[in-house]
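Written below as structure tokens is the structure these notes are about.
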Amino acid sequence: MVPDNLTDPGSVLVICGPTAIGKTAVAMAVQDALGGREHAQLISADSALIYRGMDIGTAKPTQQERQRYPHALIDIRDPSENYSAADFVADADTEIARAIEAKKKPIVVGGTMMYLKCLLEGIADLPTTDIPLRRELERELAERSAQSLHDELAQQDPEAAGSIHPNNHQRLLRAMAVVRATGRPMSVLWRDNATGTLFERTGLHHESVVMLPLQRNQLHRRIAARFRQMLSMGFLEEVQALMNRGDLTRDMPSMRAVGYRQAWGHLIEEIDETTFIEQGIAATRQLAKRQITWLRRWPDALEVVADTPDQTIQAILKR
RNA sequence: GGCUGGGUGGCAGAGUGGUUAUGCAGCGGACUGCAACUCCGUUAACGCCGGUUCGAUUCCGACCUCAGCCU
């Protein structure tokens, strides 16, 4: 018997956890428990799964799995394109509304904590990154110093400047761009232009299932095994094919994904194979660690500590 | 057996007679439009024994060990 809070058609189920813990398996099991694809809609919350052609290294659900368990928000971008937390919130809101419309329970599954946080807590309505302005700021950064740009930000938006280190160019330039484009501090806009929480935007409640490893070692072992399995499935060939396109560069968000970044370095003979494998596994472990840090502080979570998907499913269904 | 060159923190890799790089990993932290991102802080080493010296990771010697070459 499935508990009410999971079947409640007027609420969103969120399944999150670190990489390699088995979120997909749990999501599929929950869909089955709800009566299949007619009654549930899986929605991916993952900044890497959005990219077409990046399948092996992202541990994307297979074609067969996706036929029985269709996921929204997978393969929606080309690796040359950008995507952001704001894009995700907009897309996810749309998918959730569509699922409700079709009388399906929305199930958001993923490990990109920033996306989930913004989905649940909201994100301000700020101007999108303006490329020409961004270029201009990059030029200024090169001509002046980061410190001088940071000083300027401190004058116009002290609050944002306070939380952005001068060396953090990525965030420094974004905050500057917002000020330049709107004439108002980003920190003020964030309060004034908040779009509201998921409930405020859609009228839907949510329930979070947070998967955490019982033993960190066990997860680490799974990560290492999965990475080697990716290699035998042709991960390097996948990355080589992406490089062969000629239009992708290693500083694009897609190519900076865990594993892809290291594979790129190996394929241009920057690092040898052993180092590539070591670094790839280590980077994945670090990703899991960062995710777990977020998850530990997840508000109102239905927390499930389990080492295997089966344990998690049992724990969810028992509630 | 002989000769030569090496042995530096988990790995890679500089360097110095005293204040002991750096990168990656590890650990802690920040983060509202690149978040599998970006950034900040931090732990940790000089193969072994002896000698020279006020002081040795650095100089000298023996030893152990690795690589290459020679017989």
Side-chain angles (χ1 to χ4, degrees), chain A residues 18-20 44-51 54 57-60 77 79-91 110-131 133-134 138 146 150 157 159-178 181-182 185-197 216 220 223 227 249-265 270-272 274-294 296-297:
Chain A
T19 188
S44 163
D46 190 300
S47 62
L49 295 190
I50 60 166
Y51 291 115
M54 293 172 61
T58 58
K60 194 177 281 178
R77 287 289 136 112
S80 62
E81 295 177 295
N82 278 22
Y83 196 68
S84 71
D87 293 328
F88 171 75
V89 173
D91 289 346
T112 301
M113 300 311 148
M114 175 71 174
Y115 288 5
L116 292 170
K117 180 180 189 286
C118 291
L119 175 70
L120 300 182
E121 296 174 7
I123 185 167
D125 186 16
L126 298 177
T128 44
T129 302
D130 179 56
I131 302 299
L133 177 56
R134 173 80 186 200
E138 278 166 3
H150 192 266
D157 187 352
E159 195 180 332
S163 67
I164 298 174
H165 191 279
N167 288 353
N168 198 342
H169 300 170
Q170 195 171 289
R171 302 223 158 87
L172 173 61
L173 294 189
R174 156 103 276 238
M176 287 297 296
V178 171
T182 64
M186 181 169 80
S187 50
V188 170
L189 288 173
W190 192 59
R191 278 189 289 273
D192 294 354
N193 292 25
T195 54
T197 62
R216 199 78 78 91
H220 289 348
I223 285 170
F227 194 83
T249 59
R250 66 193 304 200
D251 59 351
M252 285 175 176
S254 59
M255 293 301 107
R256 287 200 289 211
V258 162
Y260 290 83
R261 174 198 300 250
Q262 289 77 15
W264 188 296
E270 210 168 68
I271 52 175
D272 63 36
T274 312
T275 310
F276 153 60
I277 295 172
E278 276 172 13
Q279 292 191 356
I281 292 171
T284 313
R285 233 185 296 154
Q286 203 186 35
L287 164 65
K289 187 183 122 189
R290 282 198 301 264
Q291 290 170 315
I292 289 169
T293 310
W294 281 95
R296 282 221 187 96
R297 306 175 200 154

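Here, B/G5 and B/C37 have their C1' atoms 44 Å apart, quoted to the whole Å. Between B/C27 and B/A21, the two P atoms lie 22 Å apart (nearest whole Å).
Side-chain N/O atoms of A/Lys289 include one lying less than 4.0 angstrom from OP1 or OP2 on B/G28. Side-chain N/O atoms of A/Asn167 include one lying less than 4.0 angstrom from OP1 or OP2 on B/C40. At the phosphate of B/C24, neither OP1 nor OP2 sits under 4.0 Å from any side-chain N or O atom of A/Arg285. Listed pair A/Thr129 / B/C34 meets the phosphate criterion, a side-chain N or O lying under 4.0 Å from OP1 or OP2. Note on A/Tyr260: every side-chain N or O is 4.0 Å or more away from OP1 and OP2 of B/A36. For A/Ser47, a side-chain nitrogen or oxygen approaches OP1 or OP2 of B/A36 to under 4.0 Å. Contact between the side-chain N/O atoms of A/Thr112 and the OP1/OP2 oxygens of B/A36 is found at a separation under 4.0 Å. A sub-4.0 Å separation between OP1 or OP2 of B/G26 and a side-chain N or O of A/Gln286 is present.
The side-chain contact (heavy atoms from CB on, under 4.5 Å) search around A/Gln286 returns A/Arg290, not counting sequence neighbours. With sequence neighbours excluded, no residue forms a side-chain hydrogen bond (donor to acceptor under 3.5 Å, both in side chains) with A/Arg297.
For A/Met186, the listed nucleotide lying nearest its side chain is B/G33; candidates were B/G33, B/C34, B/C27. Closest contact between the side chain of A/Ser84 and the listed nucleotides B/A36, B/C34, B/U38 involves B/C34. Taking only side-chain atoms of A/Val258, from C-beta outward, the nucleotide of B/A30, B/A36, B/G33 with the closest atom is B/A36.
Side-chain contact, A/Asp251 with A/Thr249: a donor N or O sits under 3.5 Å from an acceptor N or O.
In terms of polar N and O atoms assigned as donor or acceptor, the side chain of A/Arg261 never comes within less than 3.5 Å of the base of B/C37 in a complementary pairing. One donor-acceptor pair, N or O on each side, does fall under 3.5 Å between the base of B/C34 and the side chain of A/Arg256.
A/Gly259 comes within 4.0 angstrom of nothing in the nucleic acid, heavy atoms only. Residue A/Asp130 is out of contact with every strand shown, counting any heavy-atom pair closer than 4.0 Å.
Residue A/Glu278 is the one, among A/His165 and A/Glu278, whose nearest nucleotide of RNA chain B lies closer to the 5' end (criterion: closest heavy atom). Of the two residues contacting RNA chain B, namely A/Arg290 and A/Ile164, the nearest-nucleotide position lying further toward the 5' end is that of A/Ile164.
Stem analysis of RNA chain B (at least three stacked-register Watson-Crick or G-U pairs, each with both distances under 3.5 Å) gives B:1-7 with B:64-70, B:10-12 with B:22-24, B:26-30 with B:38-42, B:49-51 with B:59-61.
Contact between A/Leu116 and A/Gly110 at its shortest, heavy atoms only, is CD1-O, 3.7 Å.
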